[in-house]
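Chain A is the first sequence line, chain B the second, and so forth, proteins listed ahead of strands; every chain is numbered from 1. Values below: every heavy atom of this structure, side chains too, minus hydrogens, waters and symmetry copies.
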Amino acid sequence: MNLADYDSQRIEAKWQKIWEEQGAFRADDGDAARPKYYLLEMLPYPSGTLHMGHMRNYTIGDAVARYKWMCGYNVLHPMGWDAFGLPAENAAIKNGTHPRDWTNANIVEFRRVLRRFGFSYDWRREISTCDPEYYRWNQWFFLRMLEKGIAFRKKSKVNWCPECATVLANEQVIDGFCWRHETTQVEQKELDQWFLRITQYSDELLEDMSQLADGWPERVLVMQRNWIGKSRGARVRFDVAGMKDRSLEVFTTRVDTIYGASAIVVAAGHPHVAALLEGVPGRAAMEAQLKAMRQKSMRAADIATAEKEGFFTGRFAVNPFSGAQVPIWVANFVLAEYGTGAVMCVPAHDQRDFEFADKYGLPVKIVVQPAQGAPLRADRMNEAYTEHGRLVESGPYTGLTSDAAIEKMAADAKSKSFGEAETTYRLKDWGISRQRYWGTPMPVIYCEKDGIVPVPDDQLPVRLPEKVALTGQGQSPLASVPEFVNTKCPKCGGAARRETDTMDTFVDSSWYFYRYTDPQNDKAPYDKAKVGYWFPIDQYVGGITHAILHLLYSRFFCKVMRDLGLVKHDEPIARLFTQGMVQKGGVAMSKSRGNVVGAIEMADKYGCDTGRMYTLFAAPPEKDLEWSEQGIEGSARFLNRVYRLVEKHAERLRGIPIDWNARTDFAQATAKEKTLVRKAHQTLKRVTNDFEVRWHFNTSIALLMELVNELHAQEPLDQEVSPVVLKRVLTIMVLMLSPMTPHIAEEMWEILGNSGTISRAKWPAYREDLTREEQVEVIIQINGRLRGKILVDDGLGEDETKERALGDARIAPLVSGKEIVKTVVVPKKLVNIVLR
RNA sequence: GCGGAAGUGGCGGAAUUGGCAGACGCGCCAGCCUUAGGAGCUGGUGGCCGAAAGGCCGUAGGGGUUCGAGUCCCUUCUUCCGCACCA
């Protein structure tokens, strides 16, 4: 860059120091005089280096926070560290450092980078989840949940990642692979585990989404809805012919089609399969097929496209409604984990069953006919009819609608005790045990005599021991630390052992935003009055990657906390914004891909204001952004251009006072002044709108560029422009720039001779009367095609506008001799003359 | 397969309510300034025809509604994201 460039490094350091000294961004707990605004960005996991992908999140948040400050809000804008987790431990195993030292070093670096960008955080509220004063409250919440039965222990099959050497939550398993290790297949292990009973809130998590419909992206809600996976249906028991002690339960959402069942199909992993095959002819061959089915890939994508395969077991089941006997099959398309692991096969009314029946020659029996149109014929169907309709050939239910039949049949099944209505969910309880060191210890003690004993509140926090051997192998590292494990039972005082598992780190991030309201509290997780003042979070900004895990867990925590009387609201986050990724070369920036643009390097080269500006300008914030070195030079060029403009006129304007209340007298204004004032207020109107409703900072910046271009076009600005007018226009411009590029804005504010800092200044109000043009351009169309333009006075009436259009020298000859069918006049916009 | 989002110049993108398509920026071209330019300033820049005036075409493809469609409706295609034999 050039010598004449503004000195971004000096200016940025200067203003960051001043903001720090004056405590410019300190949130004021409980200020009743101003409306509050809680703006939150997702807290980072401090690892590696911060690149521009991270910075985009904070830049968007900071622009909004600063704008809200200027609009008079009491803004809470905090930052902290999601500091527990596997990478710290893996680094420790690899390099022999302590996870705490590794983490703390990263935090120091992250803090340095975020400060280098001048984000408006209230740093007094900084939290770190690995701080014992933080995680003690994880333990405290856990104990409260234990008392309520929300936290519980059970032996269960768990997802085990051999690479992480720990358990994964269902949410952390993607298509059978670990979310951290895309090529590591997750194994199943049977272990004693701690769970949080999130399923108790399934319905509420689903229903309360209606409270979020206005403020959350639709796709996040859709993802959560799918994840919860509520399905209303019925459970029906089929007796197995010739086996008195065996029956098969099926789950179905379409019990109304049960008279059309041609078979019962069970999953290969169904617990009764072995018993069913007992003593049937051809058993050996079946066992072989069964084994093959069980060994098939776990990948969901493969399963979905796999050919349907199955075999007849030789046994029959009895349809409890019709008494008909149907064959029992085993097939690969039935999932052991979902519903009851067995389904009724109704080829006429389920596409999967149709395909299966087609392959194996099972009969297709129509029992639901469409309400309208021609009736179906089994011999002419090439796909299943899956819509609702009216029942046929269904015994006493014939003639009912599907809806009525579903209800009645479930009720009848219940009264005859072979089934009942049931709702199933895909959502499973949240397993939070991790066999790792770098996490929150579970505050539980096992005593021979008293069993599971909670650690008393006054003994919290249960601290992680300093010295531990980290090998990455096998059991929980804490199990190998005798001084941690061996303790006394709080009840009987006898020898006892501590729980050695630690908590999933998603526990830490499920409530951290409450702690920001009262980060130093050592009596409680927070003061209820403070949370009452600040909550809910007005705006949360983060990546779409957390659409399910973090955001669902946070919602769940909130509901538990509400039921514990700790908060009053149902939902913690009123509005959510998911920003797009920053890419380079078409893929997301990441260390592993080696395509990162380091934040510090960027700031050293161009200044952080330039980085901020480019980040906001290159794309609307919800879309992915491709990083371009040429693009950022364009932003640098613009900031230089603005700065030079202000600098050039600053001396003359420095002593001119600004009186915002003084009316601009347009009657006496010069043409130049009118143009500039109008442009300034038009820009202000639209930029204000961008901040208020659209968050399209890219268009705000484009508008500011237009304003600067106009100022250049009107040079020389020391002729026919009064200093008062010019100073106002420049000041408005600088104010509009300030949420996005705060440092250079402060500097320009200062050299223009304004008092105080911009961070304390008020966002200017645009004046509608000053945005209006005296004359407007009206386009003239003939048959919808552009044929001319005229300049008319703003207030000109419809008829006069029409007259002017028809009289226009270009238009008149085109119209003459033709019949005018119709003329459409849109005031200030256009005249469309329709000719025959 | 189901659900969601999207498709506009060489590129990023704009068009807020159905009313001049391509704002603003990048890149490119020309000129000015300069000892120099990877600085700054000025102008040009969707395609085709034309010396020009101007005309025609143009927002993934096709159809429709309308005086008027990037925008609304139907349909096809493509890309991305989520879910996925969920019974």
By nearest atom, which of the nucleotides [options] is closest to the [X] side chain?
| X | options | result |
| --- | --- | --- |
| A:N698 | B:G13, B:A39, B:G19 | B:G13 |
| A:I548 | B:C20, B:A39, B:C83 | B:C83 |
| A:S231 | B:G40, B:A87, B:A23 | B:A87 |
| A:K829 | B:A39, B:G19, B:C83 | B:G19 |
| A:F333 | B:G82, B:G19, B:C85 | B:C85 |
| A:M223 | B:C24, B:G82, B:G19 | B:G82 |
| A:N709 | B:C83, B:G40, B:C24 | B:C24 |

Does [N] have a Watson-Crick or wobble mate here (both distances under 3.5 Å), and if so which one?
| N | answer |
| --- | --- |
| B:G54 | B:C49 |
| B:U42 | B:A30 |
| B:A21 | none |
| B:G7 | B:C77 |
| B:A69 | none |

Would you find a donor on one side and an acceptor on the other, under 3.5 Å apart, between the side chain of [X] and the backbone of [Y]?
| X | Y | value |
| --- | --- | --- |
| A:R235 | A:E249 | no |
| A:N595 | A:V587 | yes |
| A:E626 | A:G585 | yes |
| A:S262 | A:P363 | yes |
| A:H349 | A:Y385 | yes |
| A:E715 | A:L717 | yes |
| A:D353 | A:A348 | no |

Discussion item. Between A:R225 and B:G82, is there a contact of a side-chain N or O with OP1 or OP2 at under 4.0 Å?
Written reply: no
Discussion item. Does B:C83 have OP1 or OP2 under 4.0 Å away from a side-chain N or O of A:R219?
Written reply: no
Please classify the nucleic acid contact of [X] as base, sugar-phosphate, or nothing, using heavy-atom distances under 4.0 Å.
| X | answer |
| --- | --- |
| A:G229 | nothing |
| A:V250 | nothing |
| A:E777 | base |

Say you pick atom [atom1] in [N] and the same atom in [M]; how far apart are they, in whole Å?
| N | M | atom1 | result |
| --- | --- | --- | --- |
| B:C83 | B:G68 | C1' | 42 Å |
| B:A69 | B:A21 | C1' | 11 Å |
| B:U76 | B:G27 | C1' | 35 Å |
| B:G13 | B:G7 | C1' | 14 Å |
| B:G37 | B:C28 | P | 16 Å |
| B:U71 | B:U8 | C1' | 12 Å |
| B:G55 | B:A6 | P | 35 Å |
| B:U75 | B:A14 | P | 28 Å |

Taking only nitrogen or oxygen atoms into account, show me every contact under 3.5 Å that the protein makes with nucleotides 52-57 of chain B, one pair per line with its distance.
| residue | atom | partner | partner atom | Å |
| --- | --- | --- | --- | --- |
| B:C56 | OP1 | A:R787 | NH2 | 3.4 |
| B:C57 | OP2 | A:R785 | NH2 | 2.4 |

Item to complete: Under 4.0 Å from any atom of RNA chain B, heavy atoms only: list the residues of residues 348-358 of chain A that qualify, in numerical order.
Response: A:R352
Item to complete: Please work out which residues in residues 614-628 of chain A have a non-hydrogen atom less than 4.0 Å from an atom of RNA chain B and list them by number.
Response: A:F617, A:A618, A:P620, A:K623, A:D624
Worksheet item: Does the side chain of A:E773 pick up a donor-acceptor pair with the side chain of A:Q682 at under 3.5 Å?
Response: yes
Worksheet entry | Modelled atom types, side-chain donor and acceptor of A:D203 and A:Y425, under 3.5 Å | yes
Discussion item. According to salt bridge (Lys or Arg N to Asp or Glu O under 4.0 Å), who are the partners of A:K802, at least two apart in sequence or on a separate chain?
Written reply: none
Expressed in angstrom and rounded to an integer, what is the separation of [X] atom [atom1] from [N] atom [atom2]?
| X | N | atom1 | atom2 | result |
| --- | --- | --- | --- | --- |
| A:E706 | B:A15 | CD | C1' | 12 Å |
| A:F697 | B:A14 | CZ | P | 13 Å |
| A:M740 | B:C24 | CE | C1' | 13 Å |
| A:K802 | B:G19 | NZ | C1' | 18 Å |
| A:Y360 | B:C85 | OH | C1' | 14 Å |
| A:L427 | B:C83 | CG | P | 14 Å |
| A:Y385 | B:A87 | OH | P | 18 Å |
| A:I544 | B:G82 | CD1 | C1' | 9 Å |

Carboxylate-amine/guanidinium contact [X] [Y], below 4.0 Å:
| X | Y | value |
| --- | --- | --- |
| A:K428 | A:E337 | no |
| A:E710 | A:K679 | no |
| A:D808 | A:R810 | no |
| A:R686 | A:E706 | no |

Fill in: Within 45° cone and under 6.0 Å: A:K308 NZ/CZ vs A:F333 ring
yes
Discussion item. Between A:T424 and A:S635, which residue's closest nucleotide on RNA chain B lies nearer the 5′ terminus?
Written reply: A:S635
Discussion item. I'd like to know whether the aromatic ring centres of A:F697 and A:F691 sit less than 6.0 Å apart in this structure.
Written reply: yes
Discussion item. Tell me every residue that passes side chain to side chain contact (heavy atoms under 4.5 Å, CB included) with A:F312, counting only those two or more places apart in sequence or in another chain.
Written reply: A:F316, A:P327, A:W329
Worksheet item: Can you check B:G9 for me, syn or anti if syn means within 90° of 0?
Response: syn
At a cut-off of 3.5 Å, list every protein nitrogen or oxygen paired with a nitrogen or oxygen from nucleotides 63-69 of chain B, distance to 0.1 Å.
| residue | atom | partner | partner atom | Å |
| --- | --- | --- | --- | --- |
| B:C67 | OP1 | A:K822 | NZ | 3.3 |
| B:C67 | O2' | A:N832 | ND2 | 3.1 |
| B:C67 | O2 | A:N832 | ND2 | 2.5 |

